[in-house]
Amino acid sequence: AQSVTQPDIHITVSEGASLELRCNYSYGATPYLFWYVQSPGQGLQLLLKYFSGDTLVQGIKGFEAEFKRSQSSFNLRKPSVHWSDAAEYFCAVGAPGGYQKVTFGTGTKLQVIP
Amino acid sequence: GAGVSQTPSNKVTEKGKYVELRCDPISGHTALYWYRQSLGQGPEFLIYFQGTGAADDSGLPNDRFFAVRPEGSVSTLKIQRTERGDSAVYLCASSLTPTGDTEAFFGQGTRLTVV
């Protein structure tokens with residue numbers, strides 16, 4: 001069965017600092033991987049996704065993620081965090097094919113301090 | 001509308017009652033998904049529709065939960081004999097197709113509270 005682990009429940013960074021959110025997955029083959037962001041009162045929004053090809057994926061809002069098969073990881077990064085990035089971030093894994101049955105991690109809540 | 005619409009946004013019901021949660025997907029989206037998000041957790045898959053048919057309902061927790069999509073657009077999630085453990089935010093998403101080259105868009109959810 002597929003699963004996702006986000007080891008950090010809560011992270012605090014200073015505005016302008018770099019950010020890395022960790023994600024490890026378990027899946028028997030090459031999975032489809034996603035990062036979503038959820039802001040208070042907002043729905044889940046897709047930041048980026050990886051299906052195949054280049055293992056460094058660029059997303060919206062200046063985010064990127066790198067797929068590392070050897071480490072079963074798909075960490076999310078941003079070089080300079082803005083106060084508006086404060087939100088909860090979810091890593092997710094799906095079977096090849098797309099969105100049919102996606103498994104989400106428990107999320108990492110990001111706090112940004114001035 | 002432009003996005004996925006879910007109604008009601010909040011629902012409080014008494015234990016043992018029946019509830020229906022509605023999802024209006026983005027027009028033209030053939031795939032529709034229901035998830036449940038409990039407090040402090042990530043969304044948990046419930047069921048996926050392709051057109052009118054439930055392609056995968058393996059996430060429904062028990063036979064008190066049922067979902068329909070009779071005309072391939074609007075979907076209703078039905079919960080019978082609600083229990084306090086059913087309290088959660090129920091999320092709906094839709095995508096043009098179920099394949100990964102499209103994007104799944106989520107609604108803002110229905111917060112269900114069973115008292």
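Residue numbering restarts at 1 for every chain, and letters A, B, ... go by the order of the sequence lines.
Listed here is the closest heavy atom pair of Q108(B) and G43(A): CG-N, 3.9 Å.
Within a 6.0 Å radius of CD in Q58(A), other residues, nucleotides and ligands contribute more than 12 heavy atoms. Counting heavy atoms of neighbouring residues, nucleotides and ligands inside a 6.0 Å radius, atom CD1 of I60(A) exceeds 12 of them. Dense packing is recorded around CG of L56(A), with more than 12 heavy atoms of other residues, nucleotides or ligands lying under 6.0 Å away. Within 6.0 Å of atom CZ in F66(B), 12 or fewer heavy atoms from other residues, nucleotides or ligands are found, so the atom counts as exposed in its surroundings.
Listed in order of number, the residues of residues 105-114 of chain A that approach chain B to under 4.5 Å between heavy atoms are G105(A), T106(A). Residues of residues 65-83 of chain A having a heavy atom under 4.5 Å from any heavy atom of chain B: none.
Heavy atoms closer than 4.5 Å to chain B are found nowhere in Q45(A), neither backbone nor side chain. Residue contact with chain B, scored on non-hydrogen atoms closer than 4.5 Å, involves the side chain of K49(A) exclusively. Residue contact with chain B, scored on non-hydrogen atoms closer than 4.5 Å, is absent for F34(A). Contact of A104(B) with chain A is made through backbone and side chain together, with heavy-atom distances under 4.5 Å.
Y35(B) contributes no side-chain N or O that, together with a main-chain N or O of F104(A), makes up a donor-acceptor pair within less than 3.5 Å.
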Apply side chain to side chain contact (heavy atoms under 4.5 Å, CB included) to F90(A) and Q37(B), showing your working. CA-CA 12 Å; F90(A) 292 94; Q37(B) 187 173 19; 3.3 Å; yes
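Hydrophobic clustering, with ILVMFWY side chains joined whenever heavy atoms are under 4.5 angstrom apart, keeps V57(A) apart from Y32(A). Linking ILVMFWY residues whenever their side-chain heavy atoms come closer than 4.5 Å, directly or via other members, leaves Y36(A) and F63(A) in distinct clusters. Transitive grouping of hydrophobic side chains (ILVMFWY, heavy atoms separated by less than 4.5 Å) keeps L77(B) and V89(B) in distinct clusters. In this structure, F65(B) is not a member of the same hydrophobic cluster as L91(B), with clusters built from ILVMFWY side-chain heavy atoms closer than 4.5 Å. Follow the hydrophobic side-chain contacts under 4.5 Å out from V102(A) and you reach L44(A) in the same cluster.
Qualifying side chain to side chain contact (heavy atoms under 4.5 Å, CB included) partners for F105(B), counting only residues two or more places apart in sequence or in other chains: V4(B), I26(B), H29(B), E103(B).
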Output side-chain donor-acceptor pairs under 3.5 Å for residues 41-51 of chain B, partner residues at least two apart or in another chain, one line each.
unit_1	atom_1	unit_2	atom_2	d
Q50(B)	NE2	T30(B)	OG1	3.0

